[in-house]
Amino acid sequence: MEASHEEKRNASLKRALLILSCVLLSIGTCGGPLIMRLYFIHGGKRVWLSSWLETGGWPIIFIPIALAYYHRRTTEGPSTKLFFMKLPLFIASAVIGLITGLDDYLYAYGVARLPVSTSALIIAAQLAFTALFAFLLVKQKFTSYSTNAVVLLTIGAAVLGLNTSADRPKGESDKQYIAGFLMTVAAAALYGFVLPLVELTYKKAKQTITYALVLEIQMVMCLFATIFCTVGMLIDNDFKVIPREARNFGLGEGTYYVVLVLSAIVWQTFFLGAIGVIFCASSLLSGIVIAVLLPITEILAVIFYHEKFQAEKGVALALSLWGFVSYFYGEIKYSKQRENEKKNEIEKEKEIEKEKKDTPETADVSQLDP
């Protein structure tokens, strides 16, 4: 009974963490691109600075790590550890962090050249890359429902791509637009590789993966991604230009720094949400949540930046919602099926144990027969 109660408690906590992670991922997915685009619309031009802001808020992760440590210290005593990460996991996290830094630059370059609605629809293709790499790296199993979700969300992205030329910013050359388009596609492919790579790291780690350890992994990843982008900023002289750019910013110097700080905070919610969903579920679900939120990001871009909302975007939104519902319906159905199979296995084990207990008694009676 105690074990069953503990299992139910852990399941409830994991479900709550999954919901929280989805909320954080939603804030980051919708808010990150909008704030980044706000910077470029009103005079910001530093791509390396924008990419740095995507992970530059990594010290925020110290807050939940410190709270978790304080809780452990009160229950386990002063002997408890502050960090659990071992060297192999640290190295793996650092490598993924450097890849993330490159992805940050590719994405920031795309957002600098494209409207939010266009960059969002390209990033939707990330789901297809996530599904492919999840299959190759972590042997992700696909049901008919998850396959249907991937297809619908990918078609939604393709539908959005039918009329992107109307969204091209004024004064943007063909060369700049194409470069931004290609950079965003590369960013989608690379992050589609990063999500399953994180899941693979969890599975291959030679230590128990807890959420506290997941936070440490994320902190190291963001730290090395920030180091990568800092080198780019130094080469591009971004640190020298920031004060001048702030003075010339369209919304005012004070607002310029507020935008930078908010950008760093919001992007951290994105990464914390993504790793939380991977920890509680899978990299594929993380990719699906990101994909289904992209049309919402486009609607917000239409509201705040007055970007055009063509019929194609409405169709894509419907397809995305359909895909999202399909995935979760399949997951609920599959979970019930697994529960029934587990119950049947337990009943069979009980029957086998009963037969084993009955067999010796039968043998003893047969030996007493004349």
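Looking only at side-chain heavy atoms (C-beta outward), W48 and I235 stay at 4.5 Å or farther from each other. Between V241 and D236 the shortest side-chain heavy-atom distance does not fall below 4.5 Å. Looking at T269 and V266, their side chains come closer than 4.5 Å, going by heavy atoms from C-beta outward. By the 4.5 Å heavy-atom criterion applied to side chains, Q268 and I265 are not counted as neighbours. Counting only heavy atoms from C-beta outward, the side chains of F90 and F83 never approach each other to under 4.5 Å. A 4.5 Å side-chain heavy-atom check between T100 and L98 finds every atom pair outside the cut-off. Considering only heavy atoms from C-beta on, F193 comes within 4.5 Å of L137 through its side chain. Side-chain atoms of L49 and L260, non-hydrogen and from C-beta on, do get closer than 4.5 Å to each other.
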Stepwise side-chain hydrogen bond (donor to acceptor under 3.5 Å, both in side chains) check, W52 with T230: CA-CA 7 Å; W52 186 93; T230 301; 2.9 Å; yes

Stepwise side-chain contact (heavy atoms from CB on, under 4.5 Å) check, V47 with D238: CA-CA 9 Å; V47 175; D238 280 13; over 6 Å; no

From CA spacing to verdict: side-chain contact (heavy atoms from CB on, under 4.5 Å), L53, I35: CA-CA 11 Å; L53 291 171; I35 294 177; over 6 Å; no

Test side-chain contact (heavy atoms from CB on, under 4.5 Å) applied to L18 and V277, step by step: CA-CA 6 Å; L18 178 59; V277 173; 4.3 Å; yes

Stepwise side-chain contact (heavy atoms from CB on, under 4.5 Å) test for S50 and F40: CA-CA 9 Å; S50 295; F40 288 113; 3.2 Å; yes

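Taking CZ of F133 as the start and CD of E199 as the end, the distance is 14.0 Å to the nearest 0.5 Å. Taken to the nearest 0.5 Å, the CZ atom of R72 stands 11.0 Å off from the CG atom of L67. Taken from OG1 in T75 to OH in Y70, the straight-line distance is 11.0 Å, to the nearest 0.5 Å. Note that CH2 of W58 and CG of L223 are 5.0 Å apart. Values are rounded to the nearest 0.5 Å. Rounded to the nearest 0.5 angstrom, Q218 CD and I278 CD1 are separated by 9.0 Å. One distance of note links CZ of F228 with OH of Y105; it measures 9.5 Å at 0.5 Å rounding.
Cluster annotation: F271 is connected to V95 through the hydrophobic network of ILVMFWY side chains, with a link wherever side-chain heavy atoms come within less than 4.5 Å. Under the 4.5 Å side-chain heavy-atom criterion for grouping Ile, Leu, Val, Met, Phe, Trp and Tyr, L300 is connected to L25 within one hydrophobic cluster. Criterion: ILVMFWY side-chain heavy atoms under 4.5 Å apart, direct or through other members. Under it, V261 and M233 are not part of a common hydrophobic cluster. Both V258 and F249 belong to a single network of hydrophobic side chains, linked directly or stepwise wherever heavy atoms of I, L, V, M, F, W or Y lie under 4.5 Å apart. Residues V111 and F304 are members of one and the same hydrophobic cluster, defined by side-chain heavy-atom contacts under 4.5 angstrom among Ile, Leu, Val, Met, Phe, Trp and Tyr.
Of all the heavy atoms in I209 and F279, the pair that sits closest is O-CE1, 3.5 Å. Summarising the geometry of V220 relative to S93, their closest heavy-atom pair is CG1-CB, 3.7 Å, with the distance given to 0.1 Å. G110 and T184 make their closest contact through CA-OG1, 3.2 Å (heavy atoms, listed as atom of the first residue, atom of the second, distance). Pairing each heavy atom of L34 with each of T297, the nearest pair is CD2-O, 4.2 Å. Of all the heavy atoms in R113 and R37, the pair that sits closest is N-NH1, 4.4 Å. Here the shortest heavy-atom pairing between L24 and G273 reads CB-CA, 3.9 Å.
Looking only at distances, no side-chain donor or acceptor of R46 sits under 3.5 Å from a matching main-chain atom of S51. Checking side-chain atoms of D104 against main-chain N and O of E54 turns up no donor-acceptor pair under 3.5 Å. Side-chain N or O atoms of S263 include none that pairs as donor or acceptor with a backbone N or O of V259 at under 3.5 Å. A distance-only check finds a donor-acceptor pair linking the side chain of N248 to the backbone of R244 [under 3.5 Å]. For E253 (side chain) and A246 (main-chain N/O), no donor-acceptor pair under 3.5 Å exists by modelled atom type. Proximity of a side-chain donor or acceptor of Q207 to a complementary backbone N or O of F84 within less than 3.5 Å is detected.
A side-chain donor-acceptor contact under 3.5 Å links E245 and Y256. Side-chain contact check for W267 and T55: no donor-acceptor pair (N or O, by modelled atom type) lies under 3.5 Å.
Residue Y257 places its OH atom among more than 12 non-hydrogen atoms of other residues, nucleotides or ligands, all under 6.0 Å distant. With a 6.0 Å radius and a threshold of 12 heavy atoms from other residues, nucleotides or ligands, F239 has its CZ atom above the threshold.
Both the sub-6.0 Å distance and the 45° axial angle are not jointly satisfied by K14 relative to the ring of Y211.
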